[in-house]
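Below: one structure, written as structure tokens.
Numbered from 1 within each chain, the chains take letters A, B, ... in sequence-line order.
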Protein chains: 2
Amino acid sequence: MSPSRRHSDPQPTLATVAERAGVSRQTVSNALNNPELLREDTLAKVRAVIAELGYTPNRAARQLRTRSSHMIGLRFEEAQEGTSNATMDRFVHTLVEATARTGHHIVLFAGDPDDPLDGYDELLRATAVDAFVITDTYAGTPAADLLSRVGAPYVTFGRPWDDPSARHPWVDVAGAHGARLATEHLLEVGHARVAWLGWEAASRIGEDRRAGWEAAMAAAGTSTDGLGVRITDNVDAARMAAHELLEDPTVTAFACASDTLGIGVLHALAERGLRPGVDVGVVGFDDSLGAQVTWPGLTSVRQPLEQVAIEIVDLLHTVLSHKTVTEPARMLEPTLVVRRSTLRDSAR
Amino acid sequence: MSPSRRHSDPQPTLATVAERAGVSRQTVSNALNNPELLREDTLAKVRAVIAELGYTPNRAARQLRTRSSHMIGLRFEEAQEGTSNATMDRFVHTLVEATARTGHHIVLFAGDPDDPLDGYDELLRATAVDAFVITDTYAGTPAADLLSRVGAPYVTFGRPWDDPSARHPWVDVAGAHGARLATEHLLEVGHARVAWLGWEAASRIGEDRRAGWEAAMAAAGTSTDGLGVRITDNVDAARMAAHELLEDPTVTAFACASDTLGIGVLHALAERGLRPGVDVGVVGFDDSLGAQVTWPGLTSVRQPLEQVAIEIVDLLHTVLSHKTVTEPARMLEPTLVVRRSTLRDSAR
DNA sequence: GGTCTCGTGTGGAACGTTCCAAGACTAGAT
DNA sequence: ATCTAGTCTTGGAACGTTCCACACGAGACC
């Protein structure tokens with residue numbers, strides 16, 4: 001607890017503490033940063049004074065001297081309206097918590113949506129942040145390229161799809177594995193012809209997930225001819241695509257590249273009077289709030305975002321302490337959260 | 001545009017620029033902060049060198065000298081799982097954009113969920129932030145009280161419910177007005193007995209919104225006896241409450257204190273085979289992603305979060321420039337977004 | 001011609017911390 | 001008694017910026 005203190009009071013500084021404790025500035029600094037250098041009684045005395053005055057080192061001064069701000073930059077992209085993908089929210093929160101443990105803070109910045117590089121350079125040149133976390137590797141990694149060029153440290157959430165020569169640290173979730181889990185689950189509960197609703201072919205993430213569906217179908221010995229669809233991530237597009245696929249009565253299940261698409265399928269079912277789970281199975285992707293609250297509950301692939309954040313912070317820590325990163329690429333596995341959109345028994 | 005530069009190159013400083021331009025450090029500083037003090041040709045020359053070297057002032061040094069970090073602290077609370085309220089996401093994004101325009105950045109920090117004060121003190125004592133934005137005024141304003149006590153600047157999103165003597169700047173959205181809009185809309189499309197699903201009485205926001213419903217009902221001359229329910233913000237609680245209210249066949253519409261509750265009502269309708277909009281009207285609150293994607297679309301009260309962020313930044317700016325705030329309390333009005341959960345004609 | 005003002009520009013000092021090289025003290029060895 | 005090694009502590013300098021007091025020259029005024 002800090003003692004109550006009015007704003008008008010002067011902030012205690014290192015010098016204040018030193019004088020009060022009868023030691024030099026450097027000794028107080030050591031008490032904070034290299035306590036093992038001090039004799040026990042000196043350390044105790046200094047710490048007592050620090051606590052008494054409620055002293056906290058001035059970040060600006062420390063930053064100026066050490067050239068390290070303990071701030072991590074994150075370009076904050078907004079979830080698109082009309083999609084259910086509020087993944088960012090949960091991820092950012094876990095990232096904030098994970099960085100707090102190492103004494104770092106997250107600085108958000110905005111950028112021109114049309115310029116993926118906007119904002120990075122300015123923070124970097126002002127030495128306002130030590131490193132960046134890059135989340136948007138959907139459309140290649142222009143920001144990562146920029147940072148590599150100027151030698152700034154960073155970690156990406158998302159693997160470097162286009163660049164096999166990339167050597168930067170990254171954390172990602174095995175989307176193909178997730179889609180495979182989803183498809184296998186649908187096959188297990190008795191569906192045979194599982195359709196795939198995915199994104200346009202330009203999306204590497206989308207193609208990766210689709211590959212998981214194809215693998216599961218191949219393992220089951222079922223052809224995927226005419227079952228895979230590529231559309232935009234949008235409820236209505238999914239609804240219409242589902243209507244079309246449902247014209248074929250053998251199609252009784254949908255694995256989707258996102259919850260948005262899964263919810264679109266649920267719309268189509270509602271309009272056709274089909275019962276989710278009982279008549280048609282649906283699995284989404286991301287375990288968004290939408291999947292959780294939509295009727296009757298959408299089974300979904302959940303990314304371990306908490307673990308992703310922890311791994312990212314660990315990598316950042318390694319990079320920032322100038323150690324060599326022994327394991328710069330980390331792939332995590334998603335899990336399946338089963339809800340009623342894949343439960344077949346009607347006695348629910 | 002900055003010229004490409006390797007990390008190993010020394011960062012240009014004020015002194016570098018001064019030497020190159022043949023002027024003193026102070027002149028360069030003035031070119032940046034008080035350009036009107038310089039003669040035109042001097043200014044042009046300095047600016048040219050700044051651009052040539054890609055110079056950006058070091059934030060730490062500036063912060064140390066001016067005692068102003070240009071950072072705004074925001075305690076980032078996570079949306080609860082199982083609710084559809086991802087309001088924070090949209091608000092934070094607009095806040096980041098609005099602060100960027102004044103050269104400020106948002107620093108996120110976490111805190112012990114059980115201690116509403118956790119985290120503030122540390123950032124403050126380290127002079128890491130200039131001010132705070134407080135979003136959680138649901139449970140009184142303990143954080144605001146702390147900051148007032150130590151004289152730290154802050155602006156809250158949410159009025160000071162419990163403390164009529166509070167004089168701090170705040171921005172809020174008139175929840176009662178929103179609920180009134182919702183209820184009037186339901187009455188207009190032909191419903192007579194409009195039920196209210198709200199939060200527990202302890203929630204000041206919930207009671208405020210409820211008051212809007214009561215006002216609209218009173219204006220229509222309809223009694224609210226037995227129509228108002230107080231429950232927790234949870235899909236299932238709303239679903240069960242709706243089932244109970246629907247036992248009374250005269251109840252044909254629901255105004256809700258949140259989208260989560262509204263979605264719960266939609267669940268009950270689905271289970272009863274009632275058609276949203278056609279048989280029973282439902283309005284939610286917050287215009288969350290859930291309201292947008294859920295079937296068949298949930299009419300909802302939308303808060304002008306973009307405008308809220310802009311007003312907050314404006315207030316912050318005023319407070320930080322030590323001007324007196326002429327208008328410290330700003331109330332904004334929400335709008336109604338109509339979707340199919342309140343459309344009666346079946347030819348939809 | 002001297003003083004005053006105004007518009008510009010200057011160099012020293014300061015913000016609060018950590019780095020650095022060296023000083024002081026203690027204890028053991030010569 | 002002196003030296004040596006090790007432990008602990010010290011004061012000066014530096015990080016890059018802005019504040020401050022002042023210097024300079026040009027024109028205005030008495």
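The minimum heavy-atom distance linking B:Arg159 with B:Val173 is given by the pair NH2-O, 3.1 Å. Minimum interatomic distance between B:Phe109 and B:Gly119 (heavy atoms only, all atoms of both residues): CE1-C, 3.7 Å. In terms of heavy atoms, A:Asp118 sits closest to A:Arg75 at O-NH1, 3.1 Å. Scanning all heavy atoms of the two residues, the minimum distance from B:Leu320 to B:Pro153 falls at CD2-CG, 4.0 Å. Counting all heavy atoms, side chain and backbone alike, B:Ser69 lies closest to B:Thr127 at CB-O, 4.2 Å. The nearest pair of heavy atoms linking B:Glu122 to A:Arg59 is OE2-NH1, 4.1 Å.
Between A:Phe91 and A:Phe157, the two ring planes are tilted [angle within 30° to 60°].
Using a 4.5 Å cut-off on side-chain heavy atoms (C-beta onward), B:Lys45 and B:Val23 make contact.
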Every protein N/O within reach of nucleotides 22-26 of chain C N/O, cut-off under 3.5 Å:
none

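Around atom CZ of B:Arg20, no more than 12 heavy atoms belonging to other residues, nucleotides or ligands sit under 6.0 Å away.
Taking every heavy atom of residues 20-28 of chain A and every atom of DNA chain C, pairs under 4.0 Å involve A:Arg25, A:Gln26, by number.
When each of B:Ile310, B:Val313, B:Val308, B:Asp314 is checked for a side chain to side chain contact (heavy atoms under 4.5 Å, CB included) with B:Val171, only B:Val308 meets the rule.
Residues passing the ring pair (Phe, Tyr, Trp, His ring centres under 6.0 Å) test with A:His317: none are found, sequence neighbours excluded. Taking the ring pair (Phe, Tyr, Trp, His ring centres under 6.0 Å) definition, one finds that B:His105 meets it with nothing, sequence neighbours left out.
As a whole-Å value, the separation of B:Asp41 CG from C:dG7 P is 17 Å. Rounded to an integer number of Å, the gap from A:Asn30 CG to C:dC20 C1' is 12 Å. Atom C1' of nucleotide C:dC6 and atom CD of B:Glu36 are separated by 15 Å, given to the nearest angstrom. The CD atom of B:Glu40 sits 14 Å away from the C1' atom of C:dG7 (whole-angstrom rounding).
Note on the helix from C:dG1-D:dC30 to C:dT30-D:dA1: terminal axis deviation equals 70°, with five pairs used at each end and the result rounded to 10°.
A:Ser148 and A:Tyr154 share a side-chain donor-acceptor pair at under 3.5 Å.
Contacts between chain B and DNA chain D, taken as any atom within less than 4.0 angstrom of a protein heavy atom, begin and end at D:dG16 to D:dC20.
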